[in-house]
Amino acid sequence: MFPEGWQIYSSAQDTEGRCICTVVAPEQNLCSRDAKEGQLRQLLEKVQNMSQSIEVLNLRTQRDFQYIMRMEGQFKGLRSKFRQIETNRKTQELKGKMDALQPLIPVLEQYKTDAQLISQFKQEIRNLSMVLTAIQGEIGTYDYEELQQTVLNLESRLHNCMSKLTCGKLMKITGPVTVKTSGTRFGAWMTDPQASPRNNRVWYMDSYTNNKIVKEYKSIADFVSGAESRTYNLPFKWAGTDHVVYNGSLYYNKVQSNIVVCYRFETGRVVTQRALENAGFHNVYPYTWGGFSDIDLMADELGLWAVYATYQNAGNIVISQLNPETLQVLGTWNTEYSKRNAGESFMICGTLYITNSHLTGAKVYYSYSTKTSSYEYTDIPFHNQFFHMSMLDYNARDRALYGWNNGHQVLFNVTLFNIIKTEDDS
């Protein structure tokens with residue numbers, strides 16, 4: 001278990017089978033005196049709440065325990081009397097019923113043991129509450145500078161380890177964690193995978209059509225609390241929910257067209273826009289759920305990508321890598337997987353992973369590697385907790401999947417099989 005504020009974003013294996021996990025340390029101010037006092041105060045409140053609950057349980061248990069003790073005494077008295085008159089035929093019948101009750105004796109004994117454990121637990125809660133109260137009273141005497149430096153050193157080492165992880169193959173998806181519940185059933189939310197570790201801005205785009213307002217939040221915490229820092233009024237409405245923010249720009253599909261728009265947040269202007277040649281649009285080749293999801297824009301460790309379908313490729317998925325500045329196509333790969341049969345898709349390390357549905361029971365069913373121009377069928381399930389997935393995108397910085405799950409903004413952890421770079425490989 002990690003302390004509050006720490007996050008595990010991915011896990012992996014090296015070539016010798018050793019487990020590796022990527023942990024992102026909390027912000028520096030979590031080690032401040034005020035933050036530590038707040039954490040202790042929250043912990044003390046939890047302990048006090050537990051103490052109250054244990055007190056109520058103890059009262060009920062003691063009352064039931066007294067009743068059980070009386071019942072146990074009656075059982076023993078009855079057994080003694082039966083031994084004295086067991087030759088009587090009627091008492092033989094009663095004795096049979098009494099024998100049927102014999103299994104209750106161990107249950108009663110266990111109940112007595114549980115009552116003793118509850119009493120012990122009650123005392124332990126009281127002791128812990130006293131310790132926490134004492135620590136809270138002496139919080140000012142603790143030196144947190146050393147602890148803060150330790151955290152910074154650990155964070156540096158973790159980032160160094162992270163930089164040595166090369167691209168990996170998707171092995172497992174766990175979660176989700178529900179970050180927030182808001183908006184309509186369909187939408188998109190994202191962070192910039194190219195941003196610095198201190199830049200955690202969130203962008204929020206509700207609905208799949210008839211909208212051009214993008215909301216910005218300075219952090220995940222502000223996003224959860226609803227504290228907007230800015231809104232952007234795009235020059236064109238978007239189509240679908242498969243947008244991406246990459247290196248400070250928003251890339252999205254212009255409504256009722258196969259045009260990709262690059263909008264720079266810093267200047268509030270369109271940098272460039274370009275049509276994807278032959279790409280279907282306006283529900284010609286959408287994902288299984290529809291929603292004008294014909295053109296899916298995404299980013300991974302290798303750059304910016306567009307996933308779509310064309311008539312020339314029989315409605316099957318086409319992958320194109322794009323130049324982020326000009327939107328020119330750098331390379332194209334034709335797959336044999338029908339776009340209309342795909343639930344969602346995302347890129348990790350140049351490999352496209354496709355889910356077979358947007359509904360409950362969906363799994364990553366197919367993958368296509370742009371490195372080898374080959375595909376394989378996979379079987380990687382994930383928990384579609386709220387039954388309808390209208391957005392699923394990978395963030396290379398966080399090594400996590402961002403999802404819009406029926407009006408819930410969620411995060412999935414991914415496990416990749418990684419190869420660790422050594423000094424000799426540099």
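Across Y365 and N356, no two heavy atoms sit closer than the pair CB-CB, 3.8 Å. Between S320 and T332, the shortest heavy-atom contact is OG-OG1, 3.0 Å. In terms of heavy atoms, A306 sits closest to L322 at CB-CD1, 3.9 Å. When all heavy atoms of G175 and H383 are compared, the pair lying nearest together is O-CB, 3.4 Å. Across C262 and P324, no two heavy atoms sit closer than the pair SG-O, 4.2 Å. Of all heavy-atom pairs between S293 and Y287, the closest is OG-N, 2.9 Å.
A distance of 9.0 Å separates CG in N211 from OG1 in T184, rounded to the nearest 0.5 Å. Rounding to the nearest 0.5 angstrom, the gap separating the CE atom in M347 from the CG atom in D393 is 11.5 Å. The structure places OG1 of T191 at 4.0 Å from CG of N395, a figure rounded to the nearest 0.5 Å. Distance OG1/T209 to NZ/K237: 7.5 Å, rounded to 0.5 Å. The distance from the NZ atom of K254 to the NZ atom of K212 is 11.0 Å, given to the nearest 0.5 Å. We find the OG1-CE distance between T378 and M171 to be 11.0 Å, quoted to the nearest 0.5 Å.
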*Decide yes or no on side-chain contact (heavy atoms from CB on, under 4.5 Å) for T181 and H408, but give the supporting numbers first.*
CA-CA 4 Å; T181 301; H408 303 265; 2.8 Å; yes
*Hey, mind stepping through E344 and W289 against side-chain hydrogen bond (donor to acceptor under 3.5 Å, both in side chains) and telling me if it holds?*
CA-CA 9 Å; E344 278 289 338; W289 66 276; 3.2 Å; yes
*When you look at I173 and L401, which way does the side-chain contact (heavy atoms from CB on, under 4.5 Å) test go after all the steps?*
CA-CA 9 Å; I173 301 173; L401 293 174; 3.9 Å; yes
*Could you walk me through whether L327 and L304 pass side-chain contact (heavy atoms from CB on, under 4.5 Å), step by step?*
CA-CA 9 Å; L327 295 180; L304 181 67; 4.2 Å; yes
*Start with the C-alpha gap between N253 and Y308, add the side-chain angles, then the distance that decides, and say whether side-chain hydrogen bond (donor to acceptor under 3.5 Å, both in side chains) holds.*
CA-CA 11 Å; N253 177 208; Y308 53 99; over 6 Å; no
_Full working for side-chain hydrogen bond (donor to acceptor under 3.5 Å, both in side chains) between T288 and H358_ = CA-CA 7 Å; T288 53; H358 63 283; 2.7 Å; yes
*Taking it one step at a time, do T178 and N405 satisfy side-chain contact (heavy atoms from CB on, under 4.5 Å)?*
CA-CA 9 Å; T178 301; N405 198 185; over 6 Å; no
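A distance-only check finds a donor-acceptor pair linking the side chain of R340 to the backbone of V284 [under 3.5 Å]. The main-chain N or O of C349 is found under 3.5 Å from a side-chain atom of E301 such that the two form a donor-acceptor pair. Of the possible polar contacts, one joining the N406 side chain to the F386 backbone as a donor-acceptor pair under 3.5 Å is found. Between the side chain of R397 and the main chain of S196, a donor-acceptor pair closer than 3.5 Å is present. A donor-acceptor distance shorter than 3.5 angstrom exists from the side chain of N384 to the backbone of L359, with no hydrogens or angles considered. Between the side chain of N334 and the backbone N or O of V318 there is no donor-acceptor pair closer than 3.5 Å. For the pair T241 (side chain) and Y208 (backbone), a donor-acceptor distance under 3.5 Å is absent. Side-chain atoms of D300 come within 3.5 Å of backbone atoms of G303 as a donor-acceptor pair (strictly under, hydrogens ignored). E216 places no side-chain N or O within 3.5 Å of a backbone atom of R201 that could act as its donor or acceptor partner. The backbone N or O of G248 sits less than 3.5 Å from a side-chain atom of D192, completing a donor-acceptor pair.
Ring centers of H388 and F186: under 6.0 Å apart, within the cut-off. Side-chain rings of Y232 and W203 stay apart, their centers remaining 6.0 Å or farther from each other. Outside the 6.0 Å centre-distance limit, the rings of Y368 and Y375 are not counted as a close aromatic pair.
Within 6.0 Å of atom CD in Q312, more than 12 heavy atoms from other residues, nucleotides or ligands are found, so the atom counts as buried in its surroundings. In this structure, K180 places its NZ atom where more than 12 heavy-atom neighbours from other residues, nucleotides or ligands lie under 6.0 Å away. At most 12 heavy atoms of other shown residues, nucleotides or ligands fall within 6.0 angstrom of atom CD in E325. No more than 12 heavy-atom neighbours from other residues, nucleotides or ligands sit within 6.0 angstrom of NZ on K172.
For the ring pair (Phe, Tyr, Trp, His ring centres under 6.0 Å) test, residues two or more places apart in sequence or in another chain that qualify with F223 are W189, Y204, Y217.
Within the 4.5 Å cutoff, no side-chain heavy atoms of V255 are placed close to those of F236. Residues R185 and S390 are not in side-chain contact: their nearest non-hydrogen atoms beyond the backbone lie 4.5 Å or more apart. For the pair V307/I317, a side-chain contact is recorded, criterion being any heavy-atom separation below 4.5 Å from C-beta on. The shortest side-chain heavy-atom distance between L170 and L416 falls under the 4.5 Å cut-off. For the pair W404 and M389, the minimum side-chain heavy-atom distance is 4.5 Å or more. Side-chain contact between M298 and D242 is absent, with no heavy atoms from C-beta onward closer than 4.5 Å. Contact annotation: the side chain of I295 approaches that of N258 to within less than 4.5 Å [non-hydrogen atoms, C-beta and beyond]. Taking 4.5 Å as the limit, some side-chain heavy atom of Y311 sits within range of a side-chain heavy atom of Y285.
Considering Y353, Y394, F382 as possible partners of F346, the one that fulfils the ring pair (Phe, Tyr, Trp, His ring centres under 6.0 Å) test is Y353.
Within the structure, ring-ring contact (aromatic ring centres under 6.0 Å, His included) contacts touching residues 239-259 (residues at least two apart or in different chains) are W238-H243.
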